[in-house]
Amino acid sequence: MSALIQQLNPEQHAAVTLPAENALILAGAGSGKTRVLTTRIAWLISTGQVSPAGILAVTFTNKAAKEMMARLSAQLPISVRGMWIGTFHGLCNRFLRAHWREAGLPQTFQILDVQDQLANIKRLLKALNVDEQRHPPKQVQWFINGAKEQGLRPGDVEARDQQSRQLVEIYLAYEAQCTRDGVADFAELLLRSYEILRDNPAIRAHYRQRFRHILVDEFQDTNRLQYQWLKLLAGPEDAQGACVFAVGDDDQSIYAFRGAHAGNMDDYQREFHVRHLIKLERNYRSHGHILDSANTLIANNARRLGKNLRTEAGAGEPVRVFEAPSDYAEAQWLIDEVRQLLREGLPHSEIAVLYRANALSRVIEGALFNAGLPYRVYGGLRFFERAEVKHALAYLRLLDNPQDDTAFLRVVNFPARGIGARTLEQLQDAARLRATPLSEAVDALGGRGAASLQAFLDLVAQMRFQTAAMSLPDLVRHVLEASGLNAHYREEREGQERLENLEELVNAAAAFVTQEGFGLNATAQQRQALGTASDAADSPAAIEAIDPATGETLSPLTAFLTHAALEAGDNQAQNGQDAIQMMTVHAAKGLEFDAVFITGLEEGLFPHENALSEADGVEEERRLMYVAITRARKRLYLSLAQTRMLHGQTRYNLRSRFFDELPPQALKWLSAKQPGFSQVLASSFDRDEQRGWNAPSKAVSGGFDPSTFTPPPPKTSHGLRVGQGVFHNKFGEGVVLSLEGSGDEARAQVRFNRHGTKWLALNIAKLTPVN
DNA sequence: GATCGAACCGTCCCC
DNA sequence: CGGTTCGATC
């Protein structure tokens, strides 16, 4: 332990050994944040200030929680099992499983993921006869989650106009539906835990007494409700209360769009009377030029807590910048540079290609593929989100809880068993009338439909009976067969991959059982009979809590389903192999690579056009750029394309404003940096010509390079070029962002100073060039 | 109830 | 452009 402490730098050391009072650690990118957090816990425990059971640590991802757990078990001689370490949602789930009575949930309640929630909302909108044009399901979902994240129940939402009154009504009905089904969405886990703590003094006192130290990672990403939850749990600032150790970086707050409130850091300092503010500014990751770029860029943000990273690693290579005439040329250039890096001995996996939006990956993917370079794209569907897996999970959920209408509707007719939309409508009407779950409304129906439905219920009941004594993996395998899912996908032409995924689900169940230390028995009752319940209580997964009143534990099935919802699984099958890493900037947060390419650095893409109209939008984009830059250890490449194919049309983009915010001396332009020339309309190129275009990989530093010189603007009938200032009679002054088409078809995208960005048909709109 | 085509839509995606 | 979704059709 003392050896661990001695390896820390003075600031880290100070943070780790702070007295038991509320503290805020401003930890810059690459400053050893995770290390400080885990060493703090280890220090607290090994100095006898707290027992493992008195520790609560919150992370943002399961991955981070696992990593922390792994590091701790390496650092501490004792078991880490008594600690509560997990995500907000994981911890709240654990809490609710223990206090399900107070929560008004069945102990086996299941968790709705984003897809399930949306499906539920769609179903509800139909039942309520709400026009989906007027209230698109996605927006309703956004509204409900937004309200919950502010801690607002339907009655608390202020509804002035008709539109929002209806939204509140939908919210109310949605809640009723979830309660009836015995399910909770992600936000609900938090809100309900919060309410129990708020309304139940005995429970509140119990947890306050238990958790002496609360540690929070990625504090800048907490939302309002999470903050309130922490506040409630920590309690008053006296002997009763816990002490909070918050670690965060306001400059890396990139999740405002989903409710994160970086202002929580200010509030925290004030409301928790934080006496210890420590900045970790020494960066152990990046070379000087890279760090200078990050620092200079982020200095353009107004509202910052203030922090400047420094390194002792030396300036290193300059940041290489390349402006390509097209997206295709950008990809080609990237391939050349990647090859050079590989020649220098870098492993593929130390090279990352980052982009602002997933749509930008395709061109680069194609180029990498053609070049025969191995790559791995992150993002997309994750394992437990795949349709076939969700079908299987729906059957499993029905075994656990027949009232789960979401699961019921998902598989009642899949594989097809002659239960049509008409029948289901009748069933839903009947269920609504009698206020019962769908499964209990079946006998209200008559006719052929009722018989088929009854057959389905019998099937599920039979599966439940047959699997009662099975181990979890056997149970899953049995359900795959008995439900007809396997047969269905065996028949299907494209079903091979899906079958494999279902087989993988059995493996996942087996792995889960091993990891969580579940025995081979399937039911809680059996587990209790065998006296194994206490093992589950200590499980690190934080899912199977014991009911304090009855000692009843969750069945492995319920625990597994919870696991599936809270941890959607990896989204990639072929991991492990040495490949170039491709991902969005968001996905790259927390990762680091020797070499990083940030691509598509164009106005409208990065910063994204949608962000420009939002309050603080550009600042968040800048933080995003800051995150991207600080991923790189040794090499950083920035690139953009003057023309880009996006959404089926060619866009002509300006160079990102962020280039003007980087220190010129840290950059090395591989293409000419000549705004007058580089920003021209490149429509005179035809695609084939660009295809043959090759970037010189040993480029001239800074200055003008004739070989990459883009020709002057072609003569166009309208005489406009990108970047041109124009005047419009109605909209006033603006700048041409892009041009497309020719003759009568010609259109210009113009950003007006006062009226936003518009597309104008040039044969109609009168645009006068200015200046 | 499967299948095909028209229509739509398109930041980031943790839990 | 490319995917997903929805409605019309056999």
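Quantities reported herein were computed from a predicted structural model and do not represent experimental measurements. By convention in this document, chain letters (A, B, ...) are assigned in the order of the sequence lines, proteins followed by strands, and residues within each chain are numbered from 1.
Aromatic ring orientation, A:Phe606 versus A:Phe658: perpendicular (interplanar angle above 60°, classes split at 30° and 60°). Relative ring orientation between A:Tyr227 and A:Phe219 is described as perpendicular, the plane-to-plane angle rising above 60° on a 0-90° scale split at 30° and 60°.
For A:Ala147, the side chain to side chain contact (heavy atoms under 4.5 Å, CB included) criterion is met by A:Leu152, A:Val157, A:Tyr171, not counting sequence neighbours. For the salt bridge (charged side-chain N to carboxylate O under 4.0 Å, His left out) test, residues two or more places apart in sequence or in another chain that qualify with A:Glu621 are A:Arg356.
Stem analysis of DNA chain C (Watson-Crick or G-U pairs, both distances under 3.5 Å, runs of at least three) returns B:1-10 with C:1-10.
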Fill in: Trace of the side-chain hydrogen bond (donor to acceptor under 3.5 Å, both in side chains) decision for A:Tyr174 with A:Gln117
CA-CA 9 Å; A:Tyr174 170 78; A:Gln117 187 186 33; 3.2 Å; yes
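Within the 4.0 angstrom heavy-atom criterion, base atoms lie near A:Val114. When heavy atoms are screened at a 4.0 angstrom cut-off, A:Asp221 is found touching no nucleic acid atom at all.
The shortest side-chain heavy-atom distance between A:Arg623 and A:Asn301 falls under the 4.5 Å cut-off. Considering only heavy atoms from C-beta on, A:Arg397 comes within 4.5 Å of A:Thr406 through its side chain.
Residues in residues 605-615 of chain A take part in these side-chain hydrogen bond (donor to acceptor under 3.5 Å, both in side chains) pairs, two or more places apart or across chains: A:Glu609-A:Arg651.
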Write out a two-atom table: protein N or O, nucleotide N or O from nucleotides 3-11 of chain B, distance below 3.5 Å.
unit_1, atom_1, unit_2, atom_2, d
B:dG10, N3, A:His647, ND1, 3.1
B:dT11, O4', A:His608, NE2, 3.3
B:dT11, O2, A:Arg356, NH1, 2.8
B:dT11, O2, A:Arg356, NH2, 2.3
B:dT11, O4, A:Glu614, OE2, 2.8

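If A:Glu620 and A:His89 are placed on DNA chain B by their nearest nucleotide, the residue sitting closer to the 5' end is A:Glu620.
Extent of DNA chain C lying under 4.0 Å from chain A heavy atoms, first and last nucleotide in 5' to 3' order, is C:dC1 to C:dG3.
Atom pair A:Tyr255:OH and B:dC12:P shows a separation of 11 Å (rounding to whole Å applied). We find that NZ of A:Lys589 is positioned 14 Å from C1' of B:dC15, with the value rounded to whole Å.
A salt bridge between A:Glu661 and A:Arg657 is absent, with no side-chain N of the basic residue lying under 4.0 Å from a carboxylate O of the acidic one. A:Lys390 and A:Asp113 are joined by a salt bridge, as a carboxylate oxygen and a charged side-chain nitrogen come within less than 4.0 angstrom of each other.
Taking the six-membered ring for Trp and the full ring otherwise, the centers of A:Phe95 and A:His99 sit less than 6.0 Å from each other.
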